[in-house]
Amino acid sequence: MPIVWRVGYSPNMSDVIVIGGGLAGLAASVALARMGVKVTLLESRPRLGGRASSFEDAATGELIDNCQHVAMGCCTNFRHFCRVTGLAPYFRDEEQLTFVGPPDPSGRQLPEFCRFAATPFVPAPFHLGRALWGLGYLSLRDKCAIARGLLSLRAARPQHGDRTTIGEWLDRQRQPANAIEYFWNVVLVSALSESLDRISVAAARKVFVDGFLTNRDGWKVSLPTVPLDELYSGTLAQWLAAHGVEVRLKTGVERLVMEGGAISAVELRNRERLAARQFVLAVTQQRALSLLPESIRNLPQLATIERLETAPIASVHLWFDRPITLLPHAVLVGRLSQWGFNWGAGRGAWGENTSRPRPSDYQVVISNAREMAERPQADVVADVVAELKAIWPWAADAKLLHSRVVFEHHAVFSPLPGSEELRPAQQSPIGNLQLAGDWTQTGWPATMEGAVRSGFLAAENLLTKIGRPAKWLQPDL
Ligand SMILES: Cc1cc2nc3c(=O)[nH]c(=O)nc-3n(C[C@H](O)[C@H](O)[C@H](O)COP(=O)(O)OP(=O)(O)OC[C@H]3O[C@@H](n4cnc5c(N)ncnc54)[C@H](O)[C@@H]3O)c2cc1C
């Protein structure tokens with residue numbers, strides 16, 4: 001029987017109730033628990049991790065991630081979160097990426113494979129100059145235009161209220177069509193999951209400046225070596241338990257109860273009430289408003305949340321009867337498939353009797369997947385498999401044993417021009433209520449880093465309020 005604290009009489013009342021066990025709620029809980037605050041974390045689903053989670057594929061028995069989640073070197077807060085909680089050893093940093101050039105229109109030539117890595121000892125922002133030079137499918141004119149464009153973007157200072165999209169900005173910069181399609185589009189769509197006509201200049205600038213221009217390590221990709229569920233519902237759940245956090249799964253919150261101008265309790269879907277002194281609401285932006293008391297939903301600081309638009313991401317999981325490439329991952333340029341990940345690479349033991357992914361299990365990620373929403377999944381799988389076999393023709397005979405498409409309709413918020421003005425601060429208009437989530441004001445797009453930042457910021461506000469101020473937000477690289 002779960003222990004339930006009722007409003008007003010429990011001597012064991014939590015200091016803080018955190019609602020939502022995604023990365024934002026987890027980061028807030030970690031920061032608070034480390035400072036000795038008594039936290040109860042409520043999560044409606046049976047697992048932690050929110051949008052970064054896994055599920056069991058019934059056909060294979062494997063635990064598969066809803067989508068491959070990639071962190072970059074510039075994600076300083078996500079990395080700190082992993083270090084503090086003991087998750088860091090379950091990530092591997094990639095020292096190089098492979099870009100696979102666009103398909104040859106005649107179909108006669110194999111695509112170009114280009115290694116992308118920083119040149120040793122060359123300082124930022126020039127450390128990736130040689131890597132850009134090595135993208136052989138771009139012409140000299142394209143590369144010079146991209147280098148010029150990157151330096152202009154770095155110098156740009158997008159003004160508050162500017163409604164220019166990065167697509168318009170690139171046109172004004174007279175970027176050649178191939179440079180836009182095979183470089184700018186490739187990086188931005190995979191980072192922000194939107195088309196160039198729906199990305200603000202500020203959001204695009206953030207990707208390139210933080211990821212590629214400021215620090216030699218900002219671009220480096222970090223990948224989990226175990227399913228996300230093992231990270232968050234496994235190792236992290238143990239860390240939380242050891243630090244006194246009470247985690248209650250399958251515990252959906254129906255609403256926040258307000259009394260005397262402050263939040264006094266949460267009411268669960270089963271009508272139970274839990275009281276606390278402080279609250280962190282770390283659910284998605286689609287759910288946040290509906291949980292808030294009606295009297296404050298229309299406050300100007302909060303009402304804007306529902307105008308944040310979202311973008312979908314699809315991931316296509318493929319199980320072949322044999323490996324089709326030994327590359328751990330590849331950026332696929334000019335195709336429906338955008339990133340390919342060898343799901344089994346580096347994931348430990350595999351064999352006939354294990355449910356571990358094998359080196360013949362792949363995952364293809366398609367960001368900004370709106371056009372896919374209407375298509376039958378079998379067609380999408382067929383197109384993706386045809387693309388992979390055209391890239392690696394020696395795998396033409398590989399048999400597809402099983403496939404699965406995971407389509408996340410509201411994967412991330414769209415970084416449209418003006419979207420920054422719609423994001424609320426972590427400190428809500430109610431003194432004892434913090435908001436957290438990748439959609440709050442973090443200065444970052446919807447990412448694991450943004451979610452963790454929001455949790456740390458919410459925790460910092462809360463710790464100051466209860467007289468135990470502490471710094472959690474990590475500096476940029
Ligand atoms: C397909 C896909 C691919 C992505 N790829 C990447 C990537 O490669 N790199 C990257 O950095 N980011 C990626 N992201 C984005 C990243 O996953 C999110 O930005 C981040 O996980 C958001 O965390 P969050 O805590 O803000 O929100 P969420 O993870 O959405 O957490 C909210 C939590 O609140 C819970 N909840 C909702 N309502 C209630 C309620 N009433 N009561 C209790 N609990 C409730 C939900 O169940 C959920 O667990 C991807 C996202 C998706 C969907």
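Order of listing sets the numbers, starting from 1, for every ligand and every atom in it. Note that these values count all heavy atoms, side chains included, but never hydrogens, waters or copies made by symmetry.
- Annotation for ligand 1: atoms under 4.0 Å from non-hydrogen atoms of Ala411 are 51 (C), 52 (C), 53 (C).
- Between Asp438 and ligand 1, at least one pair of N/O atoms sits closer than 3.5 Å.
- The distance from atom CD1 of Ile146 to atom CZ of Phe183, rounded to the nearest 0.5 Å, is 5.0 Å.
- Checked by distance only, ligand 1 and Leu23 come closer than 3.5 Å through their nitrogen or oxygen atoms.
- For Met72, the closest heavy-atom approach to ligand 1 does not fall below 4.0 Å.
- Ligand 1 places these atoms under 4.0 Å from at least one heavy atom of Ala282: 32 (C), 33 (C), 34 (O).
- Between Glu43 and ligand 1, a contact under 3.5 Å exists for at least one N or O pair.
- Close approach of ligand 1 to Gly22 (heavy-atom distance below 4.0 Å) involves ligand atoms 25 (O), 29 (O), 31 (O), 33 (C), 49 (O).
- Considering backbone and side-chain atoms alike, Thr284 places every N or O at 3.5 Å or more from each N or O of ligand 1.
- Remark: ligand 1 and Ala451 share no N or O pair separated by less than 3.5 Å (distance only, no angle test).
- Neither the backbone nor the side chain of Ser454 has a heavy atom within less than 4.0 Å of ligand 1.
- Residue Asn66 places no N or O, backbone or side chain, under 3.5 Å from any N or O of ligand 1.
- Ring orientation note: the planes of Tyr362 and Phe320 are nearly perpendicular, at an angle over 60° on the 30°/60° scale.
- Contacts between Glu254 and ligand 1 below 4.0 angstrom, taking non-hydrogen atoms only, are absent altogether.
- Contacts between Thr251 and ligand 1 below 4.0 angstrom, taking non-hydrogen atoms only, involve the backbone exclusively.
- Between Ile19 and ligand 1, not a single N/O pair is under 3.5 Å apart.
- With salt bridges taken as basic N to acidic carboxylate O contacts below 4.0 Å, one links Arg404 and Asp57.
- Aromatic ring pairs are classed by plane angle as parallel below 30°, tilted from 30° to 60° and perpendicular above 60°; the pair Trp339 and His329 is tilted.
- From Leu308, atom CG reaches atom OG1 of Thr310 across 9.0 Å, with rounding to the nearest 0.5 Å.
- Atom numbering of ligand 1 starts at 1 in the shown order; those under 4.0 Å from a heavy atom of Thr447 are 10 (C), 11 (O), 12 (N), 19 (O).
- Between Arg453 and Asp476 there is a salt bridge, with a side-chain nitrogen of the basic residue lying less than 4.0 Å from a carboxylate oxygen of the acidic one.
- The side chain of Arg287, and not its backbone, has at least one atom closer than 4.0 Å to an atom of ligand 1 (non-hydrogen atoms only; side chain from C-beta on).
- Applying the 4.0 Å criterion to heavy atoms of Cys67 picks out, from ligand 1, the atoms 1 (C), 2 (C), 3 (C).
- For the pair Ala71 and ligand 1, no heavy-atom separation below 4.0 Å is found.
- Heavy-atom proximity to Gly437, at under 4.0 Å, picks out these atoms of ligand 1: 26 (O).
- Atoms of ligand 1 lying under 4.0 Å from any heavy atom of Ala446, numbered from 1 in the order shown and given with element: 15 (C), 19 (O).
- Across His69, Gln286, Arg269, heavy-atom proximity to atom 4 (C) of ligand 1 is greatest for His69.
- Between Arg51 and ligand 1, an N or O atom pair is found at a separation short of 3.5 Å.
- For ligand 1, the atoms lying closer than 4.0 Å to a non-hydrogen atom of Gly252 are 42 (N).
- Contacts with ligand 1 closer than 4.0 Å are made by heavy atoms of both the backbone and the side chain of Ala24.
- Proximity of Glu408 to ligand 1, defined as any heavy-atom pair under 4.0 Å, is confined to the side chain (atoms from C-beta onward).
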